[in-house]
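Contents: one structure, followed by commentary.
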Amino acid sequence: MFFFINLIFGFCAEFSAQNFSKYSVQNAHSHNDYHQPIPFWTAYYAGFGSIEADVFYQNNQLLIGHDPHELTSDRTLEKLYLEPIAVLLRENNGSIRADKMEKLILFIEMKSDYRSELPALVRLLDSKYQIIIQNKTVKLIITGNVPQPSEFKNYPEYLFFDGDLTKEYSPDQLRRVGMFSAPLRDY
């Protein structure tokens, strides 16, 4: 078992309960988590604070994989990530973990066209996962192929976006940025 730890520069205003000045496994990120022998659960039980799932919209499903050749109909965002998160929120009386101070960030990386992927995600979340979108211990951050900041307002407030350090944001747009990240090689 191995984890890729990403160095992410960022802020999470709503997640200020996480003390990022004190490093722990809660600061760890499971990059390409679906490559784990047991996606989601391996990182969750290790105590990781953020997990990434790469998504392609294909055949009316949000399929998980880094590249199109990895996609199979049984590896969906819903099955591998949303259902387990919903189960945990029910089991922990509305918190993602028994320790109510701990949070989870689910990075959903749009691998192809956000114009088809994001509406499909919103439909799925709105129809079946109110327990997630109304929860303050889970933060959903869209990364990868994201809309322009001027388009953030077109999506529900429960979705946050990965910020780009090279762009300028209005105050309203900045409120929708869940985190700023950049490749370490750029620094």
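Heavy atoms only: backbone and side chains are in, while hydrogens, waters and symmetry mates are out.
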task: Indicate the atoms forming the closest heavy-atom contact of Asn92 with Lys100, along with that distance.
output: O-NZ, 2.9 Å
message: Applying side chain to side chain contact (heavy atoms under 4.5 Å, CB included) to Ile108 and Thr143, what does each step give before you reach the verdict?
response: CA-CA 6 Å; Ile108 303 172; Thr143 187; over 6 Å; no
message: Restricting to non-hydrogen atoms, name the atom on Ile96 and the atom on Leu89 that form the minimum distance, rounded to 0.1 Å.
response: N-CD2, 3.6 Å
query: Should Leu174 and Leu140 be regarded as members of a common hydrophobic cluster, given that ILVMFWY residues are connected when their side-chain heavy atoms come within less than 4.5 Å of each other, either directly or indirectly?
result: yes
- prompt: What are the two closest heavy atoms between Gln36 and Ser30, and how far apart are they?
  reply: CG-OG, 4.4 Å
- prompt: Rounded to the nearest 0.5 Å, how far does CD1 of Ile132 lie from CG of Leu82?
  reply: 4.5 Å
message: Taking the ring of His29 and the ring of Phe107, is the distance between their centroids below 6.0 Å?
response: yes
Pairs meeting criterion salt bridge (Lys or Arg N to Asp or Glu O under 4.0 Å) with involvement of residues 157-166, two or more places apart: none
task: Can you run down the salt bridge (Lys or Arg N to Asp or Glu O under 4.0 Å) pairs that involve residues 113-133, sequence neighbours left out, and say none if there aren't any?
output: Glu78-Lys128, Asp113-Arg115
statement: When rounded to the nearest 0.5 Å, the distance separating CG of Leu118 from CG of Asn154 is 10.5 Å
query: With hydrophobic residues grouped by side-chain heavy-atom distances under 4.5 Å, do Val87 and Val138 end up in a single group?
result: no
message: Apply the hydrophobic cluster definition, ILVMFWY joined by side-chain contacts under 4.5 Å directly or through others, and give me every member besides Leu71.
response: Phe56, Leu63
message: Between Ser95 (side chain only) and Ala98 (backbone N and O only), is there a donor and an acceptor less than 3.5 Å apart?
response: no
message: Can a donor-acceptor pair be found, under 3.5 Å and without considering hydrogens, that links the side chain of Arg176 to the backbone of Phe152?
response: yes
field: Non-hydrogen side-chain atoms of Asp33 and Thr42 separated by less than 4.5 Å
entry: no
field: side-chain contact (heavy atoms from CB on, under 4.5 Å) against Asp74, all qualifying residues, sequence neighbours excluded
entry: Thr72, Lys79
task: Classify the ring geometry between Phe40 and Tyr81 as parallel (under 30°), tilted (30 to 60°) or perpendicular (over 60°).
output: perpendicular
- prompt: What are the two closest heavy atoms between Tyr155 and Pro147, and how far apart are they?
  reply: CE1-CG, 3.7 Å
query: side chain to side chain contact (heavy atoms under 4.5 Å, CB included) between Leu106 and Lys139: does it pass, once the steps are laid out?
result: CA-CA 6 Å; Leu106 178 62; Lys139 189 170 202 171; over 6 Å; no
message: Within the 4.5 Å heavy-atom criterion, are Val55 and Glu109 side-chain neighbours or not?
response: no
- prompt: Is there any side-chain hydrogen bond (donor to acceptor under 3.5 Å, both in side chains) pair reaching into residues 144-153, and which pairs are they, with sequence neighbours excluded?
  reply: Tyr114-Glu151, Gln148-Lys167
query: Between Met179 and Ile105, is any pair of side-chain heavy atoms under 4.5 Å apart?
result: yes
field: Side-chain touch Phe48/Gln26, heavy atoms, less than 4.5 angstrom
entry: no
- prompt: With side chains defined as the heavy atoms from C-beta onward, is the minimum distance between Leu159 and Val122 less than 4.5 Å?
  reply: yes
- request: Assess whether side chain to side chain contact (heavy atoms under 4.5 Å, CB included) is satisfied between Tyr158 and Leu125, documenting all intermediate values.
  value: CA-CA 10 Å; Tyr158 59 77; Leu125 291 167; 3.6 Å; yes
- prompt: Rounded to the nearest 0.5 Å, what separation is found between the CD atom of Glu83 and the CG atom of Leu77?
  reply: 10.0 Å
Lys NZ or Arg CZ of Arg97 over Tyr44 ring: under 6.0 Å, within 45°: yes
- line: Hits for ring-ring contact (aromatic ring centres under 6.0 Å, His included) against Tyr169, two or more places apart or cross-chain, chain-then-number order -> Phe180
task: Answer yes or no: is there a donor N or O on one side and an acceptor on the other, between the side chain of Glu52 and the main chain of Asn32, under 3.5 Å?
output: yes
message: Quick check against the 3.5 Å criterion: does Asn135 have a side-chain atom that pairs as donor or acceptor with the backbone of Thr137?
response: yes
field: From CG (Asn27) to OG (Ser50), nearest 0.5 Å
entry: 9.0 Å
- prompt: Are Tyr34 and His66 close enough that some pair of their side-chain heavy atoms sits under 4.5 Å apart?
  reply: yes
Side-chain (Asp99) to main-chain (Met101) donor-acceptor, under 3.5 angstrom: yes
query: To the nearest 0.5 Å, what is the distance between CG (Asp67) and CG (Asp54)?
result: 8.5 Å
field: Any Leu88 side-chain heavy atom under 4.5 Å of Leu104 side chain
entry: no
message: Main chain of Ser170, side chain of Gln173: is a donor-acceptor contact present, judged purely on distance under 3.5 Å?
response: yes
message: Can you confirm whether more than 12 heavy atoms, excluding those of Asp186, are under 6.0 Å from its CG atom?
response: yes
message: Are Ile131 and Arg90 packed together at the side-chain level, in the sense that at least one heavy-atom pair is separated by less than 4.5 angstrom?
response: yes
